[in-house]
Amino acid sequence: MTLSNELPIRRWLRRAGSARLEFGADYNPDQWPREVWDDDVRAMREAGVTIVSLAIFSWARLEPRAGEFDFTWLDEVMDLLHAGGISVDLATATASPPPWLTREHPEILPVTRTGETLWPGARQHWRPTSPVFREHALRLVRELATRYGDHPALVAWHVNNELGCHNVYDYSDDAAAAFRIWLRHRYGTVEALNHAWGTAFWSQRYDDFEEILPPRLAASHPNPTQQLDFKRFSSDALKDHLRAERDLLRELTPEVPVTTNFMVMGQQKPMNYADWAGEVDFVSNDHYVLPGPQARDELSFSANLTGNIAGGRPWFLMEHSTSAVNWQPVNVAKKPGELARDSLTHVAHGADAVCFFQWRQSKAGAEKYHSAMLPHAGTDSDLFRAVARLGERLHELAPVAGSHRRRADVGIIHDWESWWVAEHDSHPTDRLNYPQEALDWYTALLDAGIRADVLPADGPLQEYRLLIAPILHVVPAALADRLRDFVAGGGHLVTTYFSGIVDENDHIWLGGYPGALRDLLGIRIEEFGPLLDDESVELDNGTTGSLWTDRIDVGDDVEVLAHYKTGEQAERAAVTRREVGSGSAAYVSTRLGPDGLAALLPELLGPAGVTGELPPEWGGRVELAIRGDHWFLINRTDEAVDVSALPGAGILEPRGVVVLHRG
Ligand code: GLA
Ligand code: GLA
């Protein structure tokens, strides 16, 4: 992972004239008549907007017919924004192909697993691997870069939009051809592929790469390694599109940093962003809150992971919402204080920009019920006033800009390949939820007032005292070695059920589970014991497990931290720990949920020497995140919290955030 996002952000700040936190939104002036634009710029200034992302969905307007470009309106908008002191993150406008293109070239339309075409009428109806789409997209990028590369308002390029949001898994003939090329590159020979895919099974042996297809709708369970490779390939195919646009932009405008908005959030699993992060000049992310008891913690988790895939350096929050979205079954408005708390939680985890979808709430179209900075009600609204207050707050927090995340003592590993494979079909249970297990650990740590970093498996693992690896299912030999070295060096590792089971080809590590980590953990499991939905098991430490159990044989040098009290495994070990020198390796064989994990945590934190940085009497009501010398105290609750134990902190309002400067 090579990250170069520091330099461009500095360049950006120089252009901005001073270090500041950016504030803004996607701006879609082409949805509005000309007379609205002046009002927009005026209201943006009132709200403290510093930057907008422009022209994201403007292809049909910019190129109304093949090869005929009309930039007059965009020229005017760019100039207006510049005159208003607002910077532009200019989109390459390739996210939604115009009708003339799909009419002339229907072969760019994606095809689903079941063979259906995704027709135009929404957005992002393009095959990531279509050479025809690529050619048309790059022609537009060239025109834009040539025309606006020197425009004084331009501070960054915004490649496409949320690559893979709707079109990541394409099963078309283009995808099949590109998949074969990708496989030839990975395996070299068809024999190597046959071995990796285990094609001795069910007569799947290939004689030629040309026989291979994407995992289209099949009669039964598709080959698991074919599925895994198709996931890898699909992430790579979009990364390749990102690189193609980026390379052209770098060639034409080498001074202008390039980004694209990732979707590190919730259940967005197809794009391996840890692998993408090195491709952009600075990392950007979009985040939308999913309702539920851990909604706030999930936001923090995602921001945290984004900050760590950015290598701890500042990143750009490209989109979130001022209030409700429009794409959930029920779209709940944010409660008073949530807008600012959500935004500042991202800043606490390294965001140097707070931007929204979108500036002005649409009057028409599929997103007209999606909140915006300027709502249907206009500037005379509580929402707009809250937005303007947030703008002021970010202005005051300018000294935070540019500061790096301060590393925590605890790391939680987030691994895209484990996520993909652990949730495959034809497994011991289909109830397993990879990100939920990690989030439960994160919540338990927040409840204990402990800071943690969420980081990819190729991150700096050795820097942590305690490393939590929830459902680390795919463990190639090299990763097993790194974990062993971590423990040998005095680190404390905790892993869970269904970890260490397979290698990078999704082949079982034999000899008893969890093969790759068996010796390190000092345990051996012969058979898994997944639980039915209505089953749970009691542990002798007072906690309750669900989802999974294991029948564990424990080695002589292994301590049992908790036993099963009920169920098939009653009397047997449920949670184990093996000391290795001054380090240790622990195993949790069932799903305990945030409360159960909270009960276990002291036994894991103690030996690792991890102590809280906040007064224990705050009782997990406050999240702490640190950037440079800036301590962010975030009220996780809807009630005021007295935080005056820290000098200068006073009372934390319900859902409030206080930022302290501490050495
Ligand atoms: C995504 C897209 C935006 C918009 C928002 C709505 O983030 O990038 O264009 O559709 O979702 O939440
Ligand atoms: C059927 C098939 C076998 C195997 C089993 C698995 O019986 O004939 O090949 O797939 O199901 O339960």
Side-chain angles (χ1 to χ4, degrees), residues 24-31 52-60 89-97 121-126 158-168 198-204 218-224 238 242 259-268 270-271 273 283-291 295 298-299 302-303 306 316-334 338-339 342-343 346 351 353-375 425-428 430:
D26 288 7
Y27 181 36
N28 297 302
D30 37 337
Q31 292 178 13
V52 293
S53 294
L54 189 59
I56 293 175
F57 296 106
S58 302
W59 192 342
D89 165 49
L90 187 58
T92 57
T94 56
S96 194
R123 64 175 174 186
Q124 224 175 53
H125 39 278
W126 53 277
H158 179 297
V159 166
N160 202 278
N161 187 63
E162 289 191 343
L163 285 160
C165 184
H166 312 295
N167 62 348
V168 55
T199 56
F201 182 81
W202 281 355
S203 188
Q204 292 171 354
S220 178
H221 305 292
N223 181 304
L238 286 160
L242 163 62
T259 194
T260 191
N261 44 347
F262 294 173
M263 295 174 281
V264 178
M265 61 175 129
Q267 300 290 332
Q268 270 291 357
M271 277 68 67
Y273 292 124
V283 166
S284 299
N285 197 48
D286 294 355
H287 185 273
Y288 290 93
V289 177
L290 299 170
E298 191 284 320
L299 184 156
S302 295
T306 305
F316 201 112
L317 178 64
M318 191 63 86
E319 292 179 26
H320 68 150
S321 68
T322 58
S323 190
V325 299
N326 67 305
W327 42 262
Q328 290 167 3
V330 178
N331 295 294
V332 180
K334 289 196 180 181
E338 282 184 338
L339 165 61
D342 289 356
S343 297
H346 288 290
V354 170
C355 294
F356 297 91
F357 175 83
Q358 61 176 325
W359 162 248
R360 183 184 282 275
Q361 187 170 13
S362 297
K363 187 179 168 186
E367 297 188 313
K368 59 184 174 297
Y369 294 113
H370 193 296
S371 60
M373 294 178 90
L374 181 53
D425 60 287
S426 62
H427 273 194
D430 70 357

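Order of appearance sets the numbers: ligands from 1, and atoms from 1 within every ligand.
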Just which atoms of ligand 1 are under 4.0 Å from any heavy atom in Glu162? 1 (C), 2 (C), 7 (O), 8 (O)
Could you give the distance from CG (Leu374) to CZ (Arg360), rounded to the nearest 0.5 Å? 4.5 Å
Within the 4.0 Å heavy-atom shell around His370, which atoms of ligand 1 are there? 6 (C), 12 (O)
Short version for Glu367: what comes under 4.0 Å of ligand 1, heavy atoms counted, is side chain
Who passes side chain to side chain donor-acceptor pair (under 3.5 Å) against His346, sequence neighbours left out? none
Would you mind reporting whether Asp342 and Val289 have side-chain heavy atoms less than 4.5 Å apart? yes
Would you say Arg123 and ligand 1 have an N/O pair spaced under 3.5 Å apart? yes
Considering only heavy atoms, which protein residues lie less than 4.0 Å from any atom of ligand 2? none
Considering the heavy atoms of Phe57, write down every atom of ligand 1 situated less than 4.0 Å from one of them. 9 (O)
Apply side chain to side chain contact (heavy atoms under 4.5 Å, CB included) to His287 and Val264, showing your working. CA-CA 7 Å; His287 185 273; Val264 178; over 6 Å; no
I'd like to know whether Ser362 forms a side-chain hydrogen bond (donor to acceptor under 3.5 Å, both in side chains) with Glu367, so could you lay out the CA-CA distance, the side-chain angles of the two residues, the decisive distance to 0.1 Å, and finally the verdict. CA-CA 7 Å; Ser362 297; Glu367 297 188 313; over 6 Å; no
When you measure from the side chain of Thr92 to the backbone of Asn160, do you find a donor-acceptor pair of N or O atoms at a distance under 3.5 Å? yes
I'd like to check which ligand 1 atoms, numbered from 1 as shown, lie under 4.0 Å from a non-hydrogen atom of Asn161. 2 (C), 8 (O), 9 (O)
State, with a plain yes or no, whether a side-chain heavy atom of Asp26 is found less than 4.5 Å away from one of Glu319. yes
Just which atoms of ligand 1 are under 4.0 Å from any heavy atom in Glu319? 1 (C), 2 (C), 3 (C), 5 (C), 7 (O), 8 (O), 11 (O)
Check: Leu299 and Tyr288 side chains under 4.5 Å, non-hydrogen atoms: no
Any sub-3.5 Å donor-acceptor pair from Thr306's side-chain atoms to Asn285's backbone N or O? no
